[in-house]
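What you see is a predicted model, and the numbers here were worked out from it, not measured in a lab.
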Amino acid sequence: MQLVVARIGRAHGIKGEVTVEVRTDEPELRLAPGAVLATEPSATGPLTIATGRVHSGRLLLRFEGVQDRTGAEALRNTLLIAAVDPEEVPEDPEEFYDHQLIDLDVVTRDGTTVGRIAEISHLPYQDLLIVRRPDGSEVLIPFVGEIVPEIDLQEQRAVIDPPPGLLDESQAEIAVEREDS
């Protein structure tokens with residue numbers, strides 16, 4: 001199975017390093033020196049990681065054969081893809097790989113069908129489950145414990161406890177502005 005583990009950002013310095021937007025919970029495993037990664041677009045790779053380091057909170061990588069800023073800039077926006085055993089699961093039982101979540105049925109605590117997980121969007125502060133509803137519309141569900149209290153891989157379902165208005169805007173609770181006295 002192929003998983004996107006990072007996206008290459010801009011060049012850093014003049015020796016071929018690039019910034020990387022990490023898309024894996026296991027960068028020390030997937031983005032370690034010596035790792036050989038497929039790419040999208042595929043003509044760019046495969047790429048072998050020569051070195052990696054953290055600088056000012058950002059992961060910097062240098063790839064074998066990329067020696068200067070020009071070579072690094074040519075890699076910008078390339079997706080890095082790792083081969084992963086489909087049976088592999090994260091060590092933490094509260095973590096999931098995207099492929100484990102895609103196509104799970106989504107239901108509320110009372111059993112009401114919401115739809116099916118179509119995609120996971122990885123944002124800087126939290127992940128979102130993109131759920132396709134039976135009518136074809138989509139709803140974005142923040143992937144946090146308060147809203148998604150249960151993932152049952154055996155039953156192939158995600159149980160959600162949505163706040164008012166998340167699934168139906170007509171049920172949203174509107175905050176009323178207070179007049180200062």
Asks: Could you pull out the closest heavy-atom pair between Leu37 and Arg30, with the gap in Å?
Replies: CD2-O, 3.9 Å
Asks: Would you say Val18 ends up clustered with Val22 if hydrophobic residues are merged whenever their side chains have heavy atoms under 4.5 Å apart, either directly or through other cluster members?
Replies: yes
Asks: What's the shortest heavy-atom distance between Val107 and Thr113, and which atoms?
Replies: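 Nearest heavy atoms, Val107 then Thr113: CG1-CA, 4.2 Å.
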Asks: Mind checking the OG1-CG spacing from Thr51 to Leu60? Nearest 0.5 Å is all I need.
Replies: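 If we round to the nearest 0.5 Å, Thr51:OG1 and Leu60:CG are 8.5 Å apart.
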Asks: Taking atom types as modelled, is there a side-chain donor on Thr112 or Asp110 under 3.5 Å from an acceptor on the other?
Replies: yes
Asks: Taking side chain as C-beta onward, heavy atoms only, is Val159 less than 4.5 Å from Thr108?
Replies: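 Answer no - side chains too far apart.
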Asks: Once rounded to the nearest 0.5 Å, what's the spacing between atom CD1 of Ile102 and atom CZ of Phe96?
Replies: 13.5 Å
Asks: Which heavy atom of Gly115 sits nearest a heavy atom of Pro134, and at what distance?
Replies: CA-CD, 4.1 Å
Asks: Distance-only check: which donor-acceptor pairs under 3.5 Å involve side-chain atoms of residues 138-158, not counting sequence neighbours?
Replies:
from	atom 1	to	atom 2	distance (Å)
Glu138	OE2	Arg132	NH2	2.9
Asp152	OD1	Gln154	N	3.1
Asp152	OD1	Glu155	N	3.0
Gln156	NE2	Leu153	O	2.8

Asks: Could you give me the CA-CA distance, side-chain angles and deciding distance for Thr39 and Ile81, then say whether side chain to side chain contact (heavy atoms under 4.5 Å, CB included) is met?
Replies: CA-CA 6 Å; Thr39 61; Ile81 302 166; 5.9 Å; no
Asks: For residues Ala32 and Ile49, report the shortest heavy-atom separation together with the two atoms involved.
Replies: O-CB, 3.7 Å
Asks: Looking only at non-hydrogen atoms, find the nearest pair between Gly34 and Thr48 and report the distance.
Replies: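 Taking every non-hydrogen atom into account, O-CG2, 4.0 Å.
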Asks: Please check if Leu59 and Phe63 belong to a single hydrophobic cluster, counting links between Ile, Leu, Val, Met, Phe, Trp and Tyr side chain heavy atoms closer than 4.5 Å.
Replies: yes
Asks: Heavy-atom distance under 4.5 Å between the side chains of His12 and His55, does that happen here?
Replies: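 A side-chain contact under 4.5 Å exists here.
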Asks: Quick check for you: to the nearest 0.5 Å, what is the distance between Glu119 atom CD and Arg116 atom CZ?
Replies: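 Rounded to the nearest 0.5 Å, the CD-CZ separation comes out at 16.0 Å.
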Asks: Determine whether Val4 and Ile120 fall in the same hydrophobic cluster, where Ile, Leu, Val, Met, Phe, Trp and Tyr are linked whenever their side-chain heavy atoms lie under 4.5 Å apart.
Replies: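 Different hydrophobic clusters.
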Asks: Taking atom OG1 of Thr78 and atom CD of Glu40, what is their separation to the nearest 0.5 Å?
Replies: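 So the OG1 of Thr78 and the CD of Glu40 are separated by 9.0 Å.
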Asks: Starting at CD1 of Ile8, measure out to CD of Glu73 and round the result to the nearest 0.5 Å.
Replies: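 Rounded to the nearest 0.5 Å, the CD1-CD separation comes to 11.0 Å.
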Asks: Taking atom CD1 of Ile14 as the centre, report whether more than 12 heavy atoms of other residues, nucleotides or ligands fall under 6.0 Å from it.
Replies: no
Asks: When you compare the side chain of Ile160 with that of Leu167, does any pair of heavy atoms fall below 4.5 Å?
Replies: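 Counting from C-beta outward, Leu167 and Ile160 do come under 4.5 Å.
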Asks: Using a 4.5 Å cut-off on heavy atoms from C-beta on, say whether the side chain of Leu104 contacts that of Leu129.
Replies: no
Asks: Is there a path from Leu79 to Leu61 through hydrophobic residues (I, L, V, M, F, W, Y) whose side chains come within less than 4.5 Å of each other?
Replies: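 Result: no, two separate clusters.
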Asks: Let me see the working for Arg7 and Asn77 under side chain to side chain contact (heavy atoms under 4.5 Å, CB included), right down to the final yes or no.
Replies: CA-CA 6 Å; Arg7 184 183 67 80; Asn77 291 322; 2.4 Å; yes
Asks: Taking atom CZ of Arg10 as the centre, does the number of heavy atoms from other residues, nucleotides or ligands within less than 6.0 Å exceed 12?
Replies: no
Asks: Do Leu75 and Val66 have side-chain heavy atoms sitting under 4.5 Å apart?
Replies: yes
Asks: Less than 4.0 angstrom from a charged side-chain N to a carboxylate O is my criterion; do Arg58 and Glu21 meet it?
Replies: no
Asks: Might you point out which heavy atoms bring Gly52 and Pro33 nearest each other, and give the distance in Å?
Replies: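 Residues Gly52 and Pro33, closest heavy atoms: N-CG, 4.2 Å.
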Asks: Assess whether side chain to side chain contact (heavy atoms under 4.5 Å, CB included) is satisfied between Arg53 and Glu17, documenting all intermediate values.
Replies: CA-CA 10 Å; Arg53 66 185 178 104; Glu17 286 185 311; 2.9 Å; yes
